[in-house]
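Step one of this worksheet: look at the structure below.
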Amino acid sequence: MKIDPHVHCRDGKQSYKETIAHAFMVADAQGVEKFFDMPNTDPPITTEEHIKERLKLVPEKRLEDYYIWIGVTSDENQIREAVKCVENYKNVVGLKMFAGKSVGDLTVLEKNDQRKVYKTLAGLGYKGVIAVHCEKESLIKGELWDPKNPVTHSKSRPKRAEIKSVKDQIELAKKTGFAGTLHICHITCPESVESVEQARKEISVTCGVTPHHVLWDQKMQKRPDGLLYKMNPPLRDKKTVAGLLECVKSGKIDWIETDYAPHPVGEKMFEPFMSGYPSLYLYKDFVENFLPSIGVSKELIEKMTYGNIARVFENKLK
Ligand SMILES: [Zn+2]
């Protein structure tokens, strides 16, 4: 059994990008049985009504394999409703917070608002998972991005934006008495992994890595098709990638999540130069060939593709 806890199926208005039904076809071909879909759709998924509508789009035979993260905002009533959905719907696997702006408008950018989220969750006694996209908005330098020189994307979203955001989330979870599990999505910097390692002593915290952040560095953006390699967080420099690989090898990363985010080639190579890579297509080769080739043990691969995920989402997956 293999699970991908981070895919963007879109569907609805964005069916031209991807649909739940087609994402299952890709997953099947890649040896992935179940996946967790993300809520930054158009419109975003933040209410019980949205969840009901979403579940109607799932092929009936795959309802046992489909899970969705519900988005959180800084609105207390919305957070309460989202928590109820996690409690009442087996398919709603946890909460997702975008602490930095990526694709879509579902964001909680200010640290004070993020604090409100953790505080509200602590008050509600929420014991589930909150998955966070960590890139601190105030450290992102959008003005550096130049589509004629795609590698500027990596420069506009520097490592420190992730490292600082990860520190913020850990600090807020600790200080507010948040009692659930904090999951750091698609971690890219060894420094962020070290923060997670330190925090494990005090709080329940996990992190995931994508195939693309381990396989490639930012030079990929210097190719003629470099715009295809624009994603958030961005590809990093060679040294950072080597460091991240060591973190994978030493078992410091809880799981592999593809952050599968397909867009039409035209939307990536031309305006609006969308961010996102369809990394579920990399999955099988990554876990069956690449990871063993660099000496990652079978046991560790099993944990990163299933075991650790099954442990954290025990009540959802049984
Ligand atoms: Zn994502």
Side-chain angles (χ1 to χ4, degrees), residues 3-12 14 17-20 22-23 26-27 30 32 34-46 50 54 66-73 82 92-109 129-137 140 153-154 157 161-162 165-166 169 182-189 192 206-216 228-236 244 253-263 267-268 272-283 286 304 309 313:
I3 299 172
D4 184 351
H6 191 144
V7 303
H8 295 267
C9 293
R10 315 290 183 199
D11 227 304
Q14 297 175 320
K17 291 180 192 274
E18 183 53 305
T19 61
I20 296 167
H22 183 260
V26 180
Q30 296 295 322
V32 171
K34 298 174 189 282
F35 56 64
F36 303 174
D37 193 8
M38 282 293 170
N40 59 332
T41 45
D42 180 17
I45 296 160
T46 55
H50 295 153
R54 191 74 181 165
Y66 177 86
Y67 295 86
I68 176 102
W69 298 91
I70 187 166
V72 287
T73 66
V92 182
V93 83
L95 310 170
K96 173 75 186 273
M97 177 163 75
F98 289 83
K101 188 162 165 50
S102 182
V103 171
D105 296 320
L106 181 64
T107 53
V108 185
L109 301 182
V129 182
I130 183 167
V132 186
H133 179 121
C134 294
E135 282 186 286
K136 198 173 172 76
E137 198 64 20
I140 293 176
H153 179 66
S154 290
R157 302 180 79 104
E162 175 188 294
S165 179
V166 169
Q169 308 314 312
L182 166 62
H183 176 68
I184 310 296
C185 293
H186 40 52
I187 209 159
T188 67
C189 307
S192 310
T206 54
C207 62
V209 78
T210 71
H212 50 261
H213 289 120
V214 173
L215 291 170
W216 301 323
L228 295 180
Y229 298 89
K230 177 174 183 271
M231 65 277 275
N232 303 328
L235 295 178
R236 301 299 185 191
L244 186 64
I253 309 283
D254 294 270
W255 60 69
I256 295 156
E257 52 185 45
T258 63
D259 195 9
Y260 176 62
H263 300 284
E267 285 190 353
K268 289 191 62 68
F273 306 110
M274 292 302 299
S275 291
Y277 198 85
S279 293
L280 186 51
Y281 285 97
L282 303 172
Y283 194 93
F286 184 72
M304 287 192 292
I309 305 164
F313 300 95

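When a residue number appears, it is its place in the shown sequence, counting from 1. In each ligand, atom 1 is the first atom listed, and ligand 1 is the first ligand listed.
Within the structure, salt bridge (Lys or Arg N to Asp or Glu O under 4.0 Å) contacts touching residues 94-103 (residues at least two apart or in different chains) are K101-D105.
H263 and K268 share no side-chain donor-acceptor pair at under 3.5 Å.
Partners of S275 according to the side-chain contact (heavy atoms from CB on, under 4.5 Å) rule, which considers only residues two or more places apart in sequence or in another chain, are V103, H153, K230, N232. Legend: residues meeting side-chain contact (heavy atoms from CB on, under 4.5 Å) with A27, ordered by chain and number and at least two apart, are V32, F35, L280.
Here the protein contributes H6 NE2, H8 NE2, D259 OD1 as N, O or S atoms under 2.8 Å from the Zn ion (ligand 1).
For I3 against Y283, the heavy-atom pair with the smallest separation is O-OH, 4.0 Å.
Using a cutoff of 4.0 Å between basic side-chain nitrogens and carboxylate oxygens, R54 and D37 are scored as salt-bridged.
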